[in-house]
K.L.:
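Structure provided below as structure tokens; questions to follow.
All values below were derived from every heavy atom in this structure, side-chain atoms included, with hydrogens, water molecules and symmetry-related copies excluded. Throughout, residue positions are numbered sequentially from 1 according to the sequence presented. In this text, all values refer to a predicted model and were calculated from it rather than measured experimentally.
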Amino acid sequence: HSDYHLPVKIGTDAALALAMCKIIIDEGIYNARFVKEQTDLSLLVRKDTDRFLRGNEVNAGDREDQFFWLDAKSKLVVPAPRGSLTLGDTDPALEGSTKVRLINGTEVEVEPVFERLKRHLKDYDVDKVSKITQVHADLIRMVARKAAVKKTKIFSGWNSGKYYHG
């Protein structure tokens with residue numbers, strides 16, 4: 001049983017999902033607290049290397065697996081917690097950029113992954129994706145909006161594990 005059936009052209013489901021993401025972000029209907037707390041979209045990425053900013057690049061003797069947030073309240077780059085997903089007093093920024101001085105003395109610009117995702121999604125306009133996926137744009141919009149605010153399960157076929165890249 002399903003509420004909606006989207007007959008997606010084979011091999012275009014990723015484009016459909018990205019168009020849905022674009023709608024959700026463009027319309028601001030995502031749960032920002034969930035995104036900040038439960039995903040890596042608030043972690044900072046170096047613009048020069050396209051890699052996460054790491055503790056051993058910022059502080060001598062720090063861990064390679066220490067990542068950072070830009071705190072929207074203090075405007076400071078702060079370590080993301082390693083033992084818990086709770087935000088505490090920190091409000092990780094999802095947008096913007098800042099500069100960070102590395103231990104070698106150089107300064108690099110960093111931004112949250114969410115900022116990079118927004119740029120990537122520019123190529124997934126719903127009308128363009130509708131032509132690729134052969135799913136009507138209005139149906140993509142409706143399902144994206146519903147998925148943003150309710151529990152959703154997307155299932156492909158009877159056994160998605162039997163599909164290449166299923």
K.L.:
Establish whether Val143 and Ile132 are linked, either directly or via other cluster members, by ILVMFWY side-chain heavy-atom contacts under 4.5 Å.
P.N.:
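Each belongs to a different hydrophobic cluster.
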K.L.:
Is it true that atom NZ of Lys73 has more than 12 heavy atoms of other residues, nucleotides or ligands lying nearer than 6.0 Å?
P.N.:
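For Lys73, atom NZ is crowded (more than 12 foreign heavy atoms under 6.0 Å).
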K.L.:
According to a hydrophobic-cluster definition based on side-chain heavy atoms being under 4.5 Å apart (Ile, Leu, Val, Met, Phe, Trp, Tyr only), do Val149 and Val35 belong together?
P.N.:
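No: no chain of side-chain contacts under 4.5 Å links Val149 to Val35.
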K.L.:
If a pair satisfies ring pair (Phe, Tyr, Trp, His ring centres under 6.0 Å) and one of its residues is in residues 77-109, list it, with sequence neighbours excluded.
P.N.:
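Listed by first then second residue: nothing to list.
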K.L.:
In Å and rounded to the nearest 0.5 Å, what is the CD1 to CZ distance from Ile24 to Arg145?
P.N.:
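Here the interatomic distance stands at 10.0 Å.
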K.L.:
Checking Ile23 against Val126 for the side-chain contact (heavy atoms from CB on, under 4.5 Å) test, could you report, in this order, the C-alpha distance in whole Å, the side-chain angles of both residues, the deciding distance, and whether it holds?
P.N.:
CA-CA 8 Å; Ile23 292 162; Val126 70; 3.9 Å; yes
K.L.:
So, using side-chain hydrogen bond (donor to acceptor under 3.5 Å, both in side chains) as the criterion, who are the partners of Asp26 when residues are at least two apart?
P.N.:
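Partners of Asp26 under the side-chain hydrogen bond (donor to acceptor under 3.5 Å, both in side chains) test: Lys22.
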K.L.:
Can you name the one residue among Leu102, Val108, Asn104 that meets side-chain contact (heavy atoms from CB on, under 4.5 Å) with Glu57?
P.N.:
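Exactly one option meets the side-chain contact (heavy atoms from CB on, under 4.5 Å) with Glu57, and it is Leu102.
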K.L.:
Could you pull out all residues at least two apart from Asp50 that satisfy side-chain contact (heavy atoms from CB on, under 4.5 Å)?
P.N.:
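Expected list: Arg116.
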K.L.:
Show every side-chain hydrogen bond (donor to acceptor under 3.5 Å, both in side chains) that has at least one partner inside residues 79-102, sequence neighbours left out.
P.N.:
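Residue pairs with at least one partner in residues 79-102: Lys36-Asp91, Asp65-Arg82, Ser84-Thr86, Glu95-Lys118, Ser97-Glu109.
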K.L.:
Can you see which heavy atom on Pro112 is nearest to which on Gly96, and at what distance?
P.N.:
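Pro112 and Gly96 have their closest heavy atoms at CD-O, 3.2 Å.
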K.L.:
Say you draw a straight line from CG of Leu117 to CD1 of Ile25; how long is it, rounded to the nearest 0.5 Å?
P.N.:
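Interatomic distance, Leu117 CG to Ile25 CD1, rounded to 0.5 Å: 4.5 Å.
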K.L.:
Go through the structure and list residues passing side-chain hydrogen bond (donor to acceptor under 3.5 Å, both in side chains) with Asp62, not counting sequence neighbours.
P.N.:
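Listed in chain order: Asn59.
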K.L.:
Treat each ILVMFWY residue as a node, draw an edge where side-chain heavy atoms are under 4.5 Å apart, and state whether Val110 and Leu76 are in one component.
P.N.:
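No, Val110 does not connect to Leu76 through the hydrophobic network.
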K.L.:
Please report the interatomic distance CG(Asp123) to CG(Leu18), rounded to the nearest 0.5 Å.
P.N.:
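Interatomic distance, Asp123 CG to Leu18 CG, rounded to 0.5 Å: 9.5 Å.
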K.L.:
Passes salt bridge (charged side-chain N to carboxylate O under 4.0 Å, His left out), Arg119 versus Glu111? Steps please.
P.N.:
CA-CA 12 Å; Arg119 276 197 308 277; Glu111 64 184 347; 2.6 Å; yes
K.L.:
Taking side-chain hydrogen bond (donor to acceptor under 3.5 Å, both in side chains) as the cut-off, I'd like each qualifying pair that reaches into residues 128-138, sequence neighbours left out, listed once.
P.N.:
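Pairs touching residues 128-138 that pass the test: Asp138-Arg141.
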K.L.:
In Å, rounded to the nearest 0.5 Å, how long is the span from CG of Leu94 to CG of Leu43?
P.N.:
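Between atom CG of Leu94 and atom CG of Leu43 there are 10.5 Å.
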K.L.:
Which residues pass the salt bridge (Lys or Arg N to Asp or Glu O under 4.0 Å) test with Arg51, not counting sequence neighbours?
P.N.:
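Not a single residue meets the salt bridge (Lys or Arg N to Asp or Glu O under 4.0 Å) criterion with Arg51.
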K.L.:
Which residues satisfy the side-chain contact (heavy atoms from CB on, under 4.5 Å) test with Ile103, sequence neighbours excluded?
P.N.:
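Ile103 satisfies side-chain contact (heavy atoms from CB on, under 4.5 Å) with no residue once adjacent residues are dropped.
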K.L.:
Sequence neighbours excluded, which residues qualify as side-chain hydrogen bond (donor to acceptor under 3.5 Å, both in side chains) partners of Arg54?
P.N.:
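By the side-chain hydrogen bond (donor to acceptor under 3.5 Å, both in side chains) rule, Arg54 matches no residue at all.
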K.L.:
Are Tyr4 and Ile140 co-members of a hydrophobic cluster defined by side-chain heavy atoms under 4.5 Å apart?
P.N.:
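Yes, it is one cluster - the side chains of Ile140 and Tyr4 are joined through contacts under 4.5 Å.
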K.L.:
Do the non-hydrogen side-chain atoms of Pro92 and Leu70 ever get within less than 4.5 Å of each other?
P.N.:
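Side-chain contact under 4.5 Å: no.
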K.L.:
Please tell me whether Leu44 and Leu41 are part of a single hydrophobic cluster in this structure, the criterion being side-chain heavy atoms less than 4.5 Å apart.
P.N.:
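Per the 4.5 Å side-chain linkage, Leu44 and Leu41 are not co-clustered.
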K.L.:
Mind jotting down which residue pairs meet the ring pair (Phe, Tyr, Trp, His ring centres under 6.0 Å) criterion with at least one end in residues 71-128? Sequence neighbours excluded, please.
P.N.:
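Matches after skipping sequence neighbours: Tyr30-Phe114, His120-Tyr124.
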K.L.:
According to ring pair (Phe, Tyr, Trp, His ring centres under 6.0 Å), does anything in residues 37-85 pair up with another residue at least two apart or in another chain? List the pairs.
P.N.:
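For residues 37-85: Phe52-Phe67.
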K.L.:
Could you grab the distance from atom CE of Met20 to atom CG of Asp13, nearest 0.5 Å is fine?
P.N.:
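Met20 CE to Asp13 CG: 11.5 Å, rounded to 0.5 Å.
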K.L.:
To the nearest 0.5 Å, tell me how far Leu53 CG sits from Gln66 CD.
P.N.:
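It comes to 9.5 Å.
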K.L.:
Could I get the full list of side-chain hydrogen bond (donor to acceptor under 3.5 Å, both in side chains) partners for Asn31, not counting sequence neighbours?
P.N.:
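Listed in chain order: nothing, the list is empty.
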